[in-house]
Amino acid sequence: MLYFDSIMLHFKKFFFIRYDIEQKFPPSLDEITKKIIKMERIPEDVVEVDVLKSCLEEYQNTFRIVSEFTKEASTKYDKLNPTHEKKLELLFETLMPNEPYIRISHNWKQLGFQGTDPATDFRSMGILALDCLVFLATTYPQQCHKIMKFQSPFPLFALVGIHITQLTLTLSKTRALQYLFYVGGPDKRRTWFQIYCYLVMEFEEYWILERRSVMDFETVFAQFEKIVKKKMWWVDEELVDFVITGTEY
């Protein structure tokens, strides 16, 4: 599948095919398939046509999920939206089960938010940042509590999570995650979230090794981001296993 992806990306004769697939409202897969078999003079009744259509569908799905996440990142947190508020409550209750949920509270600072109202921290990555934090907290609660315990008395959990959301989305747009999307199975959304979780945990290890002050966060994260952007173009077996099996880090 990665070979097919490479052909679609690098062969000039497939430029307009790729352009069609990447559109917000692309033509049907049947139309795209017919264009290719006509271009390549492939008989319509051979099994390879079904394989081609399957590959095109998988290829198209990787663009669709990136488009969905981009839209979510641009969707602002809405305090009047009960779905948004419920997600925020779930995040708090998962990370601080022994504390009463209070919408405006200094407890949010203990989770790494900048102020007493966490909604303001989602301005850069919208509702996607909250979805990522909720997935991380509910899927890997033990790891989250370990991270917060280590970071005390200068919690960075939410700050790291929001930065990693932006990094994961950037990697998606540059196609550095294509291989992981293909090996991760049909649920591209979960694959994306698994990659996000892995990067959060990787950064925590990197932060521990750096032993830097909280004032150096942006510098340390920039270094980490540079390393990750290079690393993602190579097959990382540990990451692949984490994405496929969901095995705890």
Determine whether K71 and L128 satisfy the following criterion, side-chain contact (heavy atoms from CB on, under 4.5 Å), listing intermediate values before the conclusion.
CA-CA 9 Å; K71 182 178 180 180; L128 177 60; over 6 Å; no
Heavy-atom nearest pair, L95 first then C144, reads CD2-CB, 3.8 Å
L136 backbone acceptor or donor facing T139 side chain under 3.5 Å
no
Is any side-chain heavy atom of T116 closer than 4.5 Å to a side-chain heavy atom of S105?
no
Donor on one side chain, acceptor on other, E57 and S54, under 3.5 Å:
no
Decide yes or no for W207 and F221: does some side-chain heavy atom of the first lie under 4.5 Å from some side-chain heavy atom of the second?
no
From CA spacing to verdict: side chain to side chain donor-acceptor pair (under 3.5 Å), E31, S28:
CA-CA 5 Å; E31 290 180 68; S28 69; 3.3 Å; yes
May I ask you to check whether F203 and Y196 place their ring centers less than 6.0 Å from one another?
no
Point-to-point distance, once rounded to the nearest 0.5 Å, from CG of L133 to SG of C197:
9.5 Å
With the threshold set at 4.0 Å, does a side-chain nitrogen-carboxylate oxygen contact exist between E58 and K53?
no
Locate the shortest heavy-atom distance separating T191 from L180; write the atom from each residue and the value.
CG2-O, 3.5 Å
Minimal heavy-atom distance between P100 and N107, with the atoms involved, is O-ND2, 4.5 Å
Does Q114 reach the main-chain N or O of K109 with its side chain, forming a donor-acceptor pair under 3.5 Å?
no
Between E85, R123, M125, which is the residue that forms a side-chain contact (heavy atoms from CB on, under 4.5 Å) with Y77?
E85
May I ask you to test the Q142-Y140 pair for a side-chain heavy-atom distance under 4.5 Å?
no
Verify, without hydrogens or angle tests, whether S67 (side chain) and F63 (backbone) share a donor-acceptor contact under 3.5 angstrom.
no
Can a side-chain donor-acceptor contact be found between E238 and Y198 if the only test is distance below 3.5 angstrom?
yes
Would you kindly confirm whether L88 and I102 end up in one hydrophobic cluster when ILVMFWY residues are joined by side chain heavy atoms under 4.5 Å apart?
no
For the backbone of D78 and the side chain of H84, can you confirm whether one donor and one acceptor N or O come within less than 3.5 Å of each other?
yes
Give the cluster check for I104 versus L90: same hydrophobic cluster or not, with ILVMFWY residues linked at side-chain heavy-atom distances below 4.5 Å.
no
Is it the case that one hydrophobic cluster holds both W233 and L239, taking links as side-chain heavy atoms less than 4.5 Å apart, direct or via other members?
no
CD of E68 to OG of S172, rounded to nearest 0.5 Å, is 12.0 Å
Look only at the side chain of K188 and the backbone of G185, and say whether a donor-acceptor pair between them is shorter than 3.5 Å.
yes
Please report the shortest heavy-atom distance between S124 and I162, naming the atom on each side.
OG-CG2, 3.8 Å
Closest non-hydrogen contact found for Y101 with R103 is OH-CD, 3.3 Å
So which heavy atom on L169 is nearest to which on V66, and how close?
CD1-O, 4.4 Å
To the nearest 0.5 angstrom, please state how far the CD1 atom of I164 sits from the OG1 atom of T170.
10.5 Å
Extract all donor-acceptor atom pairs below 3.5 Å that involve side chains of residues 34-44 and protein atoms in other chains or at least two apart in sequence.
{"from": "K35", "atom 1": "NZ", "to": "D20", "atom 2": "OD2", "distance (Å)": "3.0"}
{"from": "E40", "atom 1": "OE1", "to": "K13", "atom 2": "NZ", "distance (Å)": "3.4"}
{"from": "E40", "atom 1": "OE2", "to": "K13", "atom 2": "NZ", "distance (Å)": "3.0"}

Heavy-atom check, side chain of L171 versus side chain of L199, under 4.5 Å
yes
Non-hydrogen side-chain atoms of P155 and L111 separated by less than 4.5 Å
no
Carefully, step by step, assess F157 and Q110 under the rule side-chain contact (heavy atoms from CB on, under 4.5 Å).
CA-CA 9 Å; F157 183 79; Q110 296 181 43; over 6 Å; no
Using ring centroids (six-membered ring only for Trp), state whether F193 and F69 fall under 6.0 Å.
yes
With no hydrogens and no angle check, just 3.5 Å: does a side-chain donor-acceptor pair link W192 and T168?
no
For the CD1 atom of I127 and the CG atom of L130, what is their distance to the nearest 0.5 Å?
4.5 Å
Heavy-atom check, side chain of E210 versus side chain of F224, under 4.5 Å:
no
If you draw a 6.0 Å radius around CZ in R189, do more than 12 non-hydrogen atoms from other residues or ligands fall strictly inside?
yes
Joint hydrophobic cluster, I208 plus I227, side-chain heavy atoms closer than 4.5 Å:
yes
Pairs flagged by side chain to side chain donor-acceptor pair (under 3.5 Å) wherever residues 217-228 is involved - sequence neighbours left out
H163-E218, Y206-Q223
Roughly how far apart are F242 CZ and E202 CD, rounded to 0.5 Å?
10.0 Å
Aromatic contact, F122 with F113 (centres under 6.0 Å):
yes
Quick check: does any side chain N or O of R190 sit under 3.5 Å from a backbone N or O of D187, one acting as donor and the other as acceptor?
no
Could you check whether any side-chain heavy atom of E205 comes within less than 4.5 Å of a side-chain heavy atom of M201, counting everything from C-beta outward?
no
Is K146 paired with E204 through a side-chain N to carboxylate O contact shorter than 4.0 Å?
no
Under a single-linkage definition using a 4.5 Å side-chain heavy-atom cutoff for Ile, Leu, Val, Met, Phe, Trp and Tyr, are F217 and L209 assigned to the same hydrophobic cluster?
no
Are V240 and D236 side-chain neighbours, meaning at least one heavy-atom pair lies under 4.5 Å?
no
